[in-house]
Participant: 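The structure under discussion is supplied below as structure tokens; questions concerning it will follow.
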Amino acid sequence: MSDSEKPKKRQLIQPRTLKGFRDYLPETMIPREQLIQTAREVYRSFGFGPIDTPTLEYLEILTGKGSEETDRQLYKFQDHGGRDVGMRFDLTVPLARFVAQHINELGTPFKRYHIAPVWRGENTQRGRYREFMQCDFDTIGTLSVAADIETGLVINALLSAIGFERFTIHLNNRQVLNGLLQKEGLEEQATPVLRSLDKLAKIGEDKVIQEMMATAGTTEAQARNVLAMAALEGTNEEILTQLQPIIAGNELGEQGVERLGKILSGMQAGGVPAERIKLDVSIARGLDYYTGAIFETFLDDLPGIGSVCSGGRYDNLAELYSKRQLPGIGASLGLDRLLAAMEELDMLAKVKTPADVLVTYFDKGALEKYLEIAASLRAVGLKVEVFPEPKKLGQQLKYADTRGFGYAVIAGEDELASNTLQVKDLATGESTAFPIESAATELAEVMKKAVQP
RNA sequence: GUGGCUGUAGCUCAGUUGGUUAGAGCACUGGAUUGUGGUUCCAGGGGUCGGGGGUUCGAAUCCCCUUAGCCACCCCA
């Protein structure tokens, strides 16, 4: 073969994903889907209904309230018709547009959940990607404290259903903060002051004071007064009592404290253990648009990972798109953060298959028998895979073991001749013989017992 | 977007002052007289050293650019 006849090495395209974008393998996708399913069920159990909106919106919809930061992170381009479009960077702005457009058919109060990916072209870091899932729930069109309370109840139900017992829902009311700022004459600088305050847990008291003086132009006394309130300690009731004199004389603040008390007792009446709720006057969330209750949720065993479920109340969701004032309250489950936490706390089963049972393909001539067996197992609700090749039994068992199957069904000449199946528990290695007719129901029984002993 | 660190097989890494055909463990595929895995033994496949350019007789090793990851800042609607 001369050089010219040698097959040239094909120029391959390097397989890779964009910065901040990820592939999900079955072993990460399985717990991910489980988590989403749990969230869905909890949202539905409170009467929230599903919605979806387009990935792409007119650019003006997304940049409506835009800061420079927003613009910088927004994925935007011109579509084939020359329209300026952008990819949604959260689910709240699309909700605002959606509500402005449909509120007359929807009526109020309107409760929806929305689980969908969003895109932000920000710099990546651990746990921060450019494409990620948001799991929002919101109640639109009511100012009632009942909706505030329910938000707390949903957060509690969510984390409980996912399997957490030790977590703390931090609760605050922006009205209290705003009341104090009014009292201190800092209304104008509310945003930078609260942004600094939000960093209290992270950078400490002295630095927060320095930052407030530098970026918000407060006096040291003003900064200290704001911090004094944020530093209150004690039981929730004690904090409420201490707040009253601090805020006294400011109507907004007084209302805010009263409302906090109602949310607190309401959440407990709704079944949230008192020790899971913590009044935390320091949390502000960096968001300008929160006007009332604010929630942040921390895992007691992994507080460093940050809030895994956050949200709050806003006065006027759709102000940019509608003349109708639509107040609302909602929160968002931090799916990726939560999954990272669960992995770190070893709460995720390491499984590469969603199936429970592998039917081994043992006897070359008995494929149709195996297909029948698999069908009968599926009929009682089991997830079943038939191995596609009549390979050596040891290899098939190894396959089942490494993927995380719970059981293997083995049926060779001997079993088929006696009309039985051998069901092997892969965790213990024990085999049981079942009559072929009743094997499906008996195995289903066994598995049910294994799940709830 | 700014600054710092890093990038060798699917994964975790080794690779001496730049010097022949780049290694290990795990994982993967197959085998150990043809019906039982998660512990053994043997064999095998897999890398143009993230990509491109430069210096050099010679580059995984030095220089530049680029790309990706991590960390900090920023921000977190």
Side-chain angles (χ1 to χ4, degrees), chain A residues 9-23 25 27 61-74 86 88-97 118-130 132 134 136 191-192 194-196 198-199 202-203 207 211 215 284-290 296 306-307 310-312 314 317 320 330 332 334 336-337 350 352 358 360-364 366 387 389-417 422-431:
Chain A
K9 218 172 191 179
R10 244 176 356 110
Q11 188 57 52
L12 297 176
I13 297 163
Q14 191 189 354
R16 54 185 185 150
T17 51
L18 279 170
K19 179 185 176 74
F21 289 73
R22 301 167 288 169
D23 287 329
L25 274 57
E27 56 195 287
I61 299 279
L62 298 176
T63 52
K65 75 186 308 168
S67 57
E68 275 176 45
E69 190 58 30
T70 312
D71 279 7
R72 214 174 67 192
Q73 297 191 354
L74 192 63
R88 61 171 175 236
F89 50 80
D90 73 358
L91 299 179
T92 304
V93 168
L95 173 65
R97 192 224 85 222
V118 302
W119 295 268
R120 295 180 193 179
E122 65 183 335
N123 224 341
T124 54
Q125 236 168 90
R126 186 163 59 97
R128 296 180 68 166
Y129 305 97
R130 291 183 166 180
F132 58 98
Q134 287 201 331
D136 284 21
T191 299
L194 294 180
R195 195 162 281 167
S196 301
D198 217 24
K199 293 180 187 168
K202 200 171 170 186
I203 63 176
K207 292 215 166 142
E211 190 177 306
T215 64
R285 307 276 301 147
L287 322 183
D288 295 348
Y289 67 71
Y290 284 135
E296 290 200 340
S307 173
S310 319
Y314 37 86
L317 175 70
L320 291 172
S332 186
D336 289 291
R337 214 175 248 194
K350 290 183 182 71
K352 297 183 178 182
L358 180 75
T360 55
Y361 187 175
F362 189 16
D363 188 335
K364 257 183 214 152
F387 198 81
E389 296 170 42
K391 274 199 190 176
K392 285 170 67 171
L393 193 54
Q395 287 175 22
Q396 297 191 41
L397 290 175
K398 188 175 181 188
Y399 172 86
D401 182 53
T402 56
R403 310 283 145 143
F405 284 85
Y407 297 87
V409 167
I410 301 167
E413 267 180 68
D414 299 349
E415 286 84 359
L416 293 175
Q422 187 193 144
V423 175
K424 185 172 178 117
D425 181 330
L426 290 167
T428 63
E430 285 167 21
S431 288

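Letters A, B, ... are given to chains in the order of the sequence lines, protein chains preceding strands, and every chain is numbered from 1.
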Participant: According to a strict under-4.0 Å criterion, is A:Lys392 in side-chain N/O contact with OP1 or OP2 of B:G30?
Facilitator: no
Participant: With P as the reference atom in both, quote the distance from B:U21 to B:G25 in angstrom, rounded to an integer.
Facilitator: 23 Å
Participant: Does A:Gln396 get its side chain close enough to the base of B:U36, under 3.5 Å, for a donor-acceptor pair?
Facilitator: no
Participant: Roughly how many Å is it from CD1 in A:Ile410 to C1' in B:G37, rounded to a whole number?
Facilitator: 9 Å
Participant: In terms of side-chain heavy atoms of A:Asn123, which of B:C70, B:C75, B:G1 is nearest?
Facilitator: B:G1
Participant: Of the nucleotides B:C70, B:G30, B:G35, which has the atom closest to the A:Thr124 side chain?
Facilitator: B:C70
Participant: Report the distance from atom CD of A:Glu389 to atom C1' of B:G30, rounded to the nearest whole Å.
Facilitator: 13 Å
Participant: Could you tell me how far B:A24 sits from B:U66 if I compare only their C1' atoms? Round to whole Å.
Facilitator: 31 Å
Participant: What is the nucleic acid contact for A:Phe362, judged by heavy atoms within less than 4.0 Å: base, sugar-phosphate only, or nothing?
Facilitator: base
Participant: Of A:Phe21, A:Phe132, A:Tyr129, which meets side chain to side chain contact (heavy atoms under 4.5 Å, CB included) against A:Trp119?
Facilitator: A:Phe21
Participant: For the CG atom of A:Leu393 and the CG atom of A:Asp363, what is their distance to the nearest 0.5 Å?
Facilitator: 11.5 Å
Participant: If the P atom of B:C5 is compared with that of B:C65, how far apart are they to the nearest Å?
Facilitator: 13 Å
Participant: Quick one: label A:Ala408 by what it contacts on the DNA or RNA (base, sugar-phosphate, nothing), any heavy atom closer than 4.0 Å.
Facilitator: nothing
Participant: Rounding to the closest angstrom, what is the interatomic distance between B:G4 and B:C74 at atom C1'?
Facilitator: 15 Å
Participant: Using whole Å, report how far CG of A:Leu18 lies from P of B:U66.
Facilitator: 18 Å
Participant: I need the NZ-C1' distance between A:Lys207 and B:A72, as an integer number of Å.
Facilitator: 12 Å
Participant: To the nearest 0.5 Å, tell me how far A:Gln134 CD sits from A:Asp336 CG.
Facilitator: 10.0 Å
Participant: In terms of side-chain heavy atoms of A:Gln125, which of B:U29, B:C71, B:U36 is nearest?
Facilitator: B:C71
Participant: When rounded to the nearest Å, what value does the distance between C1' atoms of B:G50 and B:G31 take?
Facilitator: 36 Å
Participant: Using the P atom in both, what is the distance from B:G58 to B:A14, to the nearest Å?
Facilitator: 29 Å
Participant: Return the nearest nucleotide to the side chain of A:Arg128; candidates are B:C76, B:C75, B:G35.
Facilitator: B:C75
Participant: Once you apply the 3.5 Å cut-off to both distances, tell me the Watson-Crick or G-U wobble partner of B:A68, or none.
Facilitator: B:U6
Participant: Measure distances between side-chain N and O atoms of A:Arg195 and base N and O atoms of B:C74, and say whether any donor-acceptor pair falls under 3.5 Å.
Facilitator: no
Participant: Tell me which nucleotide, if any, is Watson-Crick or G-U wobble paired with B:A27 when both distances must be under 3.5 Å.
Facilitator: none
Participant: Within the 4.0 Å heavy-atom criterion, would you say A:Lys364 contacts the bases, only the backbone, or no part of the nucleic acid?
Facilitator: nothing
Participant: With rounding to the closest Å, how many angstrom separate the C1' atoms on B:U16 and B:A27?
Facilitator: 29 Å
Participant: Between A:Asp414 (CG) and B:U36 (P), how many Å, whole number?
Facilitator: 12 Å
Participant: Decide yes or no on side chain to side chain contact (heavy atoms under 4.5 Å, CB included) for A:Arg88 and A:Val93, but give the supporting numbers first.
Facilitator: CA-CA 8 Å; A:Arg88 61 171 175 236; A:Val93 168; over 6 Å; no
Participant: What is the distance, rounded to the nearest whole Å, between atom CD of A:Gln395 and atom P of B:U36?
Facilitator: 12 Å
Participant: Indicate, with a heavy-atom threshold strictly under 4.0 Å, whether A:Ser431 touches base, sugar-phosphate, or nothing.
Facilitator: nothing
Participant: Counting any heavy atom closer than 4.0 Å, what does A:Lys424 reach on the DNA or RNA strands: base, sugar-phosphate only, or nothing?
Facilitator: base
Participant: On RNA chain B, check which nucleotide each of A:Glu122 and A:Lys19 is closest to and give me the residue with the more 5' one.
Facilitator: A:Lys19
Participant: Would you indicate what A:Glu415 reaches in the nucleic acid, counting non-hydrogen atoms under 4.0 angstrom: base, sugar-phosphate, or nothing?
Facilitator: base
Participant: In whole angstrom, give me the gap between the P atoms of B:G54 and B:U8.
Facilitator: 24 Å
Participant: Measure the acute angle between the ring planes of A:Tyr399 and A:Phe405, then classify it against the limits of 30° and 60° as parallel, tilted or perpendicular.
Facilitator: tilted
Participant: Do A:Ser431 and A:Gln422 have side-chain N/O donor and acceptor atoms under 3.5 Å apart?
Facilitator: yes
Participant: Rounded to whole angstroms, how far apart are CG on A:Asp401 and C1' on B:U36?
Facilitator: 12 Å
Participant: Which part of the nucleic acid does A:Gly121 contact within heavy-atom distance under 4.0 Å: base, sugar-phosphate only, or nothing?
Facilitator: nothing
Participant: Please check the phosphate of B:G30 (OP1 and OP2 only) for any side-chain N or O of A:Lys398 closer than 4.0 Å.
Facilitator: no
Participant: Once you round to the nearest 0.5 Å, how far does CG of A:Leu358 lie from CZ of A:Arg403?
Facilitator: 10.0 Å
Participant: Write down the distance between NZ (A:Lys352) and P (B:C11), rounded to a whole number of angstrom.
Facilitator: 13 Å
Participant: If I take atom CG from residue A:Asp90 and atom OG from residue A:Ser332, how far apart are they, to the nearest 0.5 angstrom?
Facilitator: 9.0 Å
Participant: What does B:G1 pair with, Watson-Crick or G-U, if both distances are under 3.5 Å?
Facilitator: B:C73
